[in-house]
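This report refers to the structure that appears directly beneath it.
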Amino acid sequence: MDSIQIAVRLKTPDPQAVTALNTIKAMRLQLPPLKLCRHDLWEFEVSSGGRDTVSELIGHFADIVNPNKQLWLFTEKDSSLAGEDPELQWAGIVVRDYVDSVSENWTELLKRRGFPVEALRCGVLWRFGYLKGTDEALIKKMAMDLSVSDTREGGLFSNPVSQEVSFWI
Amino acid sequence: MPCAAVIRFPGSNCEFETARVLRNSGIDARIYNWNDIDRLSDNRADAYVLPGGFSFQDRIRAGVIAARESIMDLVFEEAVNGKPILGICNGAQVLIESGLVPGWKPGSVQGALAGNLAPGRSGYLSGWTHLKPVPEAIKKCPWLSAMNGNPFPVPIAHAEGRFVFREEDMNRVRSHIGLSYCGVDGSAPHGWPENPNGSVLDIAALMNVDGNVLAMMPHPERSFHLWQVPPDMKGPWGESRRNSSLKDLEDQPGPGAIIFKGLAKYLGVE
């Protein structure tokens with residue numbers, strides 16, 4: 001069984017990331033990210049075919065990747081993602097729903113269509129770009145604080161009652 | 001005449017009909033933009049409504065950006081002072097993300113309106129559902145105060161409307177339920193379709209601790225008139241609709257009118 005992850009982003013600037021960055025600026029944080037990128041993150045558990053299986057199914061479903069407006073790539077451990085400024089230091093946070101009917105329904109659909117996919121989980125990957133040389137532990141703390149909406153003024157990217165947050169890879 | 005403020009965020013799309021049904025209920029209603037803070041601050045209303053729509057295009061998560069807007073500071077203050085506040089659909093999402101509902105610790109996010117959950121279905125849903133008020137809520141909540149306990153049909157349309165709470169909060173949230181999903185006859189739902197989005201405890205509308213703030217996912221402003229009820233609707237409301245002449249339909253209140261009638265009663269409108 002292979003676990004294969006892909007990140008999907010818009011070809012154009014992502015309006016969600018633009019709005020999020022503007023909202024963060026208004027929060028007047030001590031160490032705000034300078035840039036922000038958003039990706040749909042899809043994680044497939046495939047029983048055969050590995051990356052070829054995933055490439056094939058992506059070609060079948062424009063709801064996963066719409067080639068007219070989106071780019072995608074297989075993710076690698078500790079890799080930077082396309083479109084990210086190499087002059088910045090990046091941290092990634094993944095937000096997933098605890099109970100996620102979208103993932104469940106996609107898994108069922110792919111199985112019905114005969115793809116060797118045992119499970120699928122989707123989420124959102126937020127990448128935060130900080131000044132290079134900033135302490136990595138501090139970046140991780142800031143990224144996590146920014147990601148959990150405990151209060152109205154607190155983090156932004158997940159509701160802790162219904163969503164889980166983890167560092168990416 | 002008492003006055004209600006309807007607050008419009010970028011992406012709200014139900015503000016006009018919401019203001020109209022308030023006016024039809026004998027309440028002066030004015031629409032304020034999210035950045036009309038000074039104007040609203042100088043003209044405090046007797047009640048506030050956050051209408052449905054897609055504030056800030058639902059970016060990041062439905063309601064989360066609007067919840068951080070400065071105008072919500074004013075709504076927050078008025079809610080704590082006991083003014084009636086109603087959030088409809090996207091407005092409910094804003095109230096939840098503001099920490100006003102359930103509001104055990106106002107400002108803390110203690111609930112969620114998560115993505116719909118139904119077997120074999122995901123994403124946006126649109127249709128009619130039946131609701132039933134909780135008897136204790138009728139006494140406590142201005143918006144429910146005109147109700148007699150009977151079930152009534154209301155349209156529903158959303159992608160993220162499943163009330164969710166932490167396991168340790170499940171007991172105390174019961175006393176905050178204002179409206180529950182139910183069958184046509186008021187019977188408890190057996191999952192989908194009576195409970196259309198998988199809400200825990202079949203919650204359709206939730207109050208804060210004092211009962212003055214109500215976050216409801218269905219749209220009462222879309223069933224304010226009897227002519228808005230589909231003729232093939234099951235139950236007494238459908239029967240009324242079928243038995244009414246075209247002339248009668250113009251004046252007859254629909255099932256959703258009871259929410260706004262409740263506010264009018266609370267504000268002393270004759």
Side-chain angles (χ1 to χ4, degrees), chain A residues 10 13-29 36-40 63 93 95-109 111-112 120-126 128 146-165, chain B residues 10-11 55-70 72-73 75-76 93-100 102-103 105-125 159-160 162-170 173 192 197-200:
Chain A
L10 290 178
D14 190 320
Q16 298 212 47
V18 172
T19 301
L21 196 57
N22 286 334
T23 307
I24 289 167
K25 280 177 187 163
M27 289 162 75
R28 297 195 179 122
L29 300 172
L36 191 61
C37 294
R38 182 191 179 281
H39 306 259
D40 291 330
D63 286 352
I93 290 282
V95 178
R96 293 187 177 101
D97 287 353
Y98 285 122
V99 179
D100 177 8
S101 64
V102 176
S103 298
E104 286 172 18
N105 292 333
W106 267 110
T107 306
E108 290 307 311
L109 176 68
K111 281 181 180 172
R112 276 204 309 272
L120 173 158
R121 196 149 187 225
C122 47
V124 175
L125 168 62
W126 293 94
F128 305 90
L146 197 51
S147 298
V148 182
S149 303
D150 280 328
T151 65
R152 186 160 84 89
E153 291 88 8
L156 193 61
F157 296 102
S158 71
N159 183 319
V161 179
S162 63
Q163 294 176 311
E164 62 180 346
V165 178
Chain B
S55 61
F56 294 91
Q57 217 180 33
D58 282 355
R59 291 179 188 178
I60 303 177
R61 194 168 65 253
V64 70
I65 303 288
R68 286 151 195 271
E69 283 294 318
S70 301
M72 285 306 295
D73 294 343
V75 173
F76 202 92
Q93 292 160 339
V94 177
L95 291 176
I96 287 278
E97 292 290 344
S98 302
L100 275 170
K105 188 179 169 195
S108 290
V109 179
Q110 293 167 302
L113 281 163
N116 300 336
L117 186 66
R121 291 163 184 265
S122 51
Y124 197 82
L125 66 85
E160 296 166 37
R162 178 168 53 97
F163 278 99
V164 178
F165 302 92
R166 292 187 178 96
E167 197 55 46
E168 62 267 29
D169 291 330
M170 290 299 280
V173 84
W192 190 87
N197 53 27
S199 273
V200 298

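The shown structure was predicted, so the numbers you read here are calculated from the model rather than taken from an experiment. These values consider heavy atoms only, across backbone and side chains, with no hydrogens, waters or symmetry-generated copies. Numbered from 1 within each chain, the chains take letters A, B, ... in sequence-line order.
For B:I65, the part lying near chain A is the side chain, with the backbone staying farther off; criterion is any non-hydrogen pair under 4.5 Å. Residue A:W106: no heavy atom, backbone or side chain, is found under 4.5 Å from chain B. If you measure heavy-atom distances from A:N159 to chain B, the contacts under 4.5 Å come from both the backbone and the side chain. At a 4.5 Å heavy-atom cutoff, the contact between B:R162 and chain A is made by side-chain atoms alone. Looking at A:L109, neither its backbone nor its side chain comes within 4.5 Å of chain B, counting heavy atoms on both sides. Of the two parts of B:D169, neither the backbone nor the side chain holds a non-hydrogen atom closer than 4.5 Å to a non-hydrogen atom of chain A. There is no contact between B:E167 and chain A, counting heavy-atom distances below 4.5 Å.
Here B:G107 is the residue among B:P119, B:A118, B:G107 with the most heavy-atom pairs under 4.5 Å with chain A. Chain A forms the most heavy-atom pairs under 4.5 Å with one residue out of B:S122, B:G115, B:G99, B:S108, and that residue is B:S122.
Nearest heavy-atom pair across B:R59 and A:T19 is NH1-OG1, 2.6 Å. Smallest separation of non-hydrogen atoms from A:M27 and B:R68: CE-NH1, 3.9 Å. For the pair A:W126 and B:I60, the tightest heavy-atom approach, listed with the atom from each and the gap, is CH2-CG1, 4.1 Å.
Contacts with chain B (heavy atom to heavy atom, under 4.5 Å) involve these residues of residues 96-103 of chain A, listed by number: A:V99, A:S101, A:V102.
More than 12 heavy atoms of other residues, nucleotides or ligands shown are found within 6.0 angstrom of NZ on A:K111.
A distance of 10.0 Å separates CD1 of B:I96 from OG of A:S162, quoted to the nearest 0.5 Å.
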(request) Determine, stepwise, if the pair B:D73 / A:R152 fulfils salt bridge (Lys or Arg N to Asp or Glu O under 4.0 Å). (result) CA-CA 10 Å; B:D73 294 343; A:R152 186 160 84 89; 2.3 Å; yes

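Listed by chain and number, the residues in a side chain to side chain donor-acceptor pair (under 3.5 Å) with B:R61 are A:S149, B:E97 (sequence neighbours excluded).
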